[in-house]
Amino acid sequence: MKGNKTKITAIIILLLLIIFGAFVFIFDRTDEEADEPAKAKAKKEKGVTIEYGDSYTFSKNVIKPKDDPESILEYDEKNHKVVKAVECGECTVKLENGRTVNVFVEPAKLTLVLFAGQSNCEGRLASDETVETAEKQVVLNEYMTAFGTYGASDNETSREVNWIDNPIDELSIDNAGKYIPESLTDNSRNKIYNRTDTLTENKTKVGKTGLDSAFAYEWYKQTGEKVWVINAAHHGSTIESWMPTKGRTDNNYWQAVKLYQGAEKVLSEEIEAGHFTLAHKGIIWCQGENNFRMSSGEYSSRFQEIFEGFEKRLSGKNIPNLNRELDFCGIVIVRAALNRTDNGIKDFLLTGPRSSQFYMTTGEVSSKIMLASNVAENWSSDASVKEYFMGKYGTDKDYNEAYPKADSDVKMPAAVKDVHRGFHYTQLGYNEIGIEAADSIISRIFGKKNRNSTPERVELVMHDGLTDMSGRTADIPVDKYVPFAVKVFPASMQKDVKIKCSDNVVYDSKGLMITGDGKEKSVTGSIEVTVKGTSEIMKIIGIQNSLGNNMEK
């Protein structure tokens with residue numbers, strides 16, 4: 001009995017202590033809420049990490065500090081849920097519901113790319129395309145995701161591709177600095193010719209025409225790296241004008257170098273300020289129309305000298321934070337430029353530059369020289385244009401939702417004239433090339449797997465640049481180079497090309513050749529191309545004193 005009474009007493013005491021403790025807890029909590037009603041609600045949300053220049057939208061309005069001149073965030077006066085990172089560091093944001101959020105702003109990754117070549121790299125409009133039409137079709141980038149610097153080839157072209165009236169004279173090595181901003185965010189109206197927001201949506205313009213905006217958009221979309229495009233292309237330029245001459249002759253090469261190096265210095269200062277880190281450096285090249293008479297071998301030799309010159313002088317030597325090699329040189333396959341009116345099949349002839357560029361972007365040459373885009377090879381007829389766009393996008397609605405444009409109701413191209421007219425592409429054509437160029441290079445330098453484990457198709461083409469000779473036999477003269485190219489779709493797989501020739505067949509930068517002893521009337525050989533397990537073979541009959549008819553046997 002005594003033991004049971006002791007147990008009961010202990011239980012009663014324990015219950016009283018629990019009740020008393022609960023009362024004290026409730027009393028203290030109520031008193032705290034009475035004195036500081038917001039304190040109980042001030043639960044910290046998970047921290048937010050963004051990069052310099054990025055905007056962030058909260059679920060609730062942000063309470064803007066009354067006096068905070070050193071804030072790393074800028075508060076949007078029109079939308080109180082939005083803040084923009086204007087410096088790097090850490091701060092705390094208070095929301096209208098009493099919650100607080102730690103915001104971490106990190107340096108943004110940025111890729112610096114030089115655009116070099118002629119008019120289709122500069123961004124000139126198709127012959128009968130108006131600025132009003134093009135400005136509705138340029139790919140839009142969000143502010144502070146893409147930057148653009150354009151060294152005008154002349155004032156007239158500047159008005160056409162950049163919508164700026166008479167900024168300054170043609171780009172030269174002496175005035176290149178006038179095109180370079182003091183900082184990447186220096187977009188003051190009195191310095192309109194060196195504004196860096198020409199690839200982004202803003203109040204005065206939609207964006208520069210050409211490949212620039214689409215390339216930057218796709219690059220940022222896939223990598224999260226912001227892009228600064230330095231466009232030094234010059235319409236009508238020959239490859240001779242891009243040679244790295246001694247003595248810094250005021251040609252296109254040295255102008256591009258001077259413009260790029262000026263951008264490197266600005267970026268170096270931005271990195272020093274903690275705003276950015278350098279992600280990649282590279283080149284986009286589109287040139288060769290005015291050299292259509294040049295042989296493939298000579299064009300290859302000249303281009304590789306140009307590239308080696310760029311590698312040496314765009315390495316950021318002696319520039320803090322920029323001292324590193326180029327990561328890539330992406331070639332946009334040039335057109336033959338033999339069509340003056342109808343944009344027909346002559347545009348696909350294997351001129352020396354075209355033959356050279358297909359070869360240089362295979363796995364047979366430099367690892368850094370790669371195929372950026374061959375998408376225009378799909379646009380040889382109205383039917384092929386329609387097939388390409390319907391196969392990629394499906395409907396007009398899907399096409400307009402694929403990437404942002406000022407006009408959200410653009411009709412999907414259905415004919416050659418919709419993507420290419422005269423010497424130049426339309427803006428819709430530029431968009432496709434720019435997007436593919438970014439996608440192709442990203443897949444190579446990031447080591448990403450292609451969407452397909454095997455190529456969509458592999459074509460072996462000769463003189464006309466269109467007839468696929470895979471599985472066929474070609475007649476060619478003995479001991480004489482003839483035009484030949486391997487086309488791989490998608491372009492990103494061009495680098496995976498492996499070539500196997502019979503002992504008497506040669507394929508190099510000069511073209512294709514079959515050798516003979518000069519005695520036999522004909523010799524036979526073959527070339528086999530393998531891309532990711534897909535193989536195509538072309539048989540060759542070399543005919544003594546033959547011009548070659550390139551016909552199937």
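Remember, it's a predicted structure, so these values are computed and weren't measured experimentally.
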As an exercise, state the distance from [atom1] of [X] to [atom2] of [Y], rounded to the nearest 0.5 Å.
{"X": "K208", "Y": "T149", "atom1": "NZ", "atom2": "OG1", "result": "11.0 Å"}
{"X": "F147", "Y": "L267", "atom1": "CZ", "atom2": "CG", "result": "9.5 Å"}
{"X": "H424", "Y": "T209", "atom1": "NE2", "atom2": "OG1", "result": "10.5 Å"}
{"X": "Q255", "Y": "I173", "atom1": "CD", "atom2": "CD1", "result": "7.5 Å"}
{"X": "T200", "Y": "M144", "atom1": "OG1", "atom2": "CE", "result": "10.0 Å"}
{"X": "Y52", "Y": "I72", "atom1": "OH", "atom2": "CD1", "result": "12.0 Å"}

For the residue pair [Y] / [X], report whether a side-chain donor-acceptor contact shorter than 3.5 Å exists.
{"X": "N231", "Y": "E122", "answer": "no"}
{"X": "S315", "Y": "N323", "answer": "no"}
{"X": "E87", "Y": "H275", "answer": "yes"}
{"X": "Y388", "Y": "E432", "answer": "yes"}
{"X": "Q222", "Y": "E218", "answer": "yes"}
{"X": "Y393", "Y": "E401", "answer": "no"}
{"X": "D186", "Y": "S183", "answer": "no"}
{"X": "Y253", "Y": "R313", "answer": "yes"}
{"X": "S440", "Y": "S492", "answer": "no"}
{"X": "D154", "Y": "H234", "answer": "no"}
{"X": "T92", "Y": "N102", "answer": "yes"}
{"X": "S241", "Y": "N252", "answer": "yes"}

Do [X] and [Y] come close enough that some side-chain heavy atom pair is under 4.5 Å?
{"X": "S237", "Y": "W242", "value": "yes"}
{"X": "S55", "Y": "V83", "value": "no"}
{"X": "Y150", "Y": "V161", "value": "yes"}
{"X": "W285", "Y": "L114", "value": "no"}
{"X": "K405", "Y": "N431", "value": "yes"}
{"X": "L199", "Y": "V139", "value": "no"}
{"X": "V332", "Y": "V375", "value": "no"}
{"X": "F58", "Y": "V103", "value": "yes"}

Salt bridge check, [Y] against [X]: does any charged N sit closer than 4.0 Å to a carboxylate O?
{"X": "K84", "Y": "E74", "answer": "yes"}
{"X": "K226", "Y": "E51", "answer": "no"}
{"X": "E325", "Y": "K281", "answer": "no"}
{"X": "K487", "Y": "E377", "answer": "yes"}
{"X": "K78", "Y": "D76", "answer": "no"}
{"X": "D327", "Y": "R324", "answer": "yes"}

Looking at every non-hydrogen atom in both residues, tell me the closest pair between [X] and [Y] and how far apart they are.
{"X": "G117", "Y": "Q287", "value": "CA-CB, 3.8 Å"}
{"X": "P320", "Y": "S268", "value": "O-OG, 2.5 Å"}
{"X": "I441", "Y": "G330", "value": "CD1-CA, 4.1 Å"}
{"X": "W254", "Y": "T245", "value": "NE1-O, 2.9 Å"}
{"X": "P490", "Y": "P455", "value": "CD-CA, 4.5 Å"}
{"X": "E170", "Y": "S153", "value": "CG-O, 2.7 Å"}

If you count every heavy atom of other residues, nucleotides or ligands that lies below 6.0 Å from [X] atom [atom1], does the total exceed 12?
{"X": "E240", "atom1": "CD", "result": "yes"}
{"X": "M243", "atom1": "CE", "result": "yes"}
{"X": "E387", "atom1": "CD", "result": "no"}
{"X": "K317", "atom1": "NZ", "result": "no"}

Show your reasoning for whether side chain to side chain donor-acceptor pair (under 3.5 Å) applies to H235 and T157. CA-CA 9 Å; H235 62 86; T157 307; 3.2 Å; yes
Hey, does the side chain of [X] reach the backbone of [Y] with a donor-acceptor pair shorter than 3.5 angstrom?
{"X": "D496", "Y": "K532", "answer": "no"}
{"X": "K178", "Y": "L171", "answer": "no"}
{"X": "R99", "Y": "L95", "answer": "no"}
{"X": "N61", "Y": "E96", "answer": "no"}
{"X": "N290", "Y": "T238", "answer": "no"}
{"X": "T111", "Y": "A279", "answer": "no"}
{"X": "T133", "Y": "E129", "answer": "no"}
{"X": "R354", "Y": "V334", "answer": "yes"}
{"X": "K368", "Y": "L326", "answer": "yes"}
{"X": "T362", "Y": "K495", "answer": "no"}

For F276, is the NZ or CZ atom of K109 found under 6.0 angstrom from the centre of its six-membered ring and inside 45 degrees of the ring axis?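 No, K109 does not sit over the ring of F276.
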D407 and Q137: CA distance, side-chain angles, deciding distance, side chain to side chain donor-acceptor pair (under 3.5 Å) verdict: CA-CA 6 Å; D407 186 349; Q137 300 174 349; over 6 Å; no
Carefully, step by step, assess E289 and N120 under the rule side chain to side chain donor-acceptor pair (under 3.5 Å). CA-CA 10 Å; E289 291 181 353; N120 277 316; 3.3 Å; yes
Walk me through it: do T395 and D398 pass the test side chain to side chain donor-acceptor pair (under 3.5 Å)? CA-CA 5 Å; T395 66; D398 295 328; 3.0 Å; yes
Can you classify the ring geometry of H280 versus F446 as parallel (below 30°), tilted (30 to 60°) or perpendicular (above 60°)?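 H280 and F446: tilted rings.
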Please state whether the rings of Y299 and F303 are parallel, tilted or perpendicular, taking 30° and 60° as the class boundaries.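 Parallel.
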Not counting sequence neighbours, list each pair that qualifies as a ring pair (Phe, Tyr, Trp, His ring centres under 6.0 Å) and has a residue in residues 208-229.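 As it turns out, the ring pair (Phe, Tyr, Trp, His ring centres under 6.0 Å) pairs with a partner in residues 208-229, which skip direct neighbours, are F115-F215, F215-W219, W219-F328.
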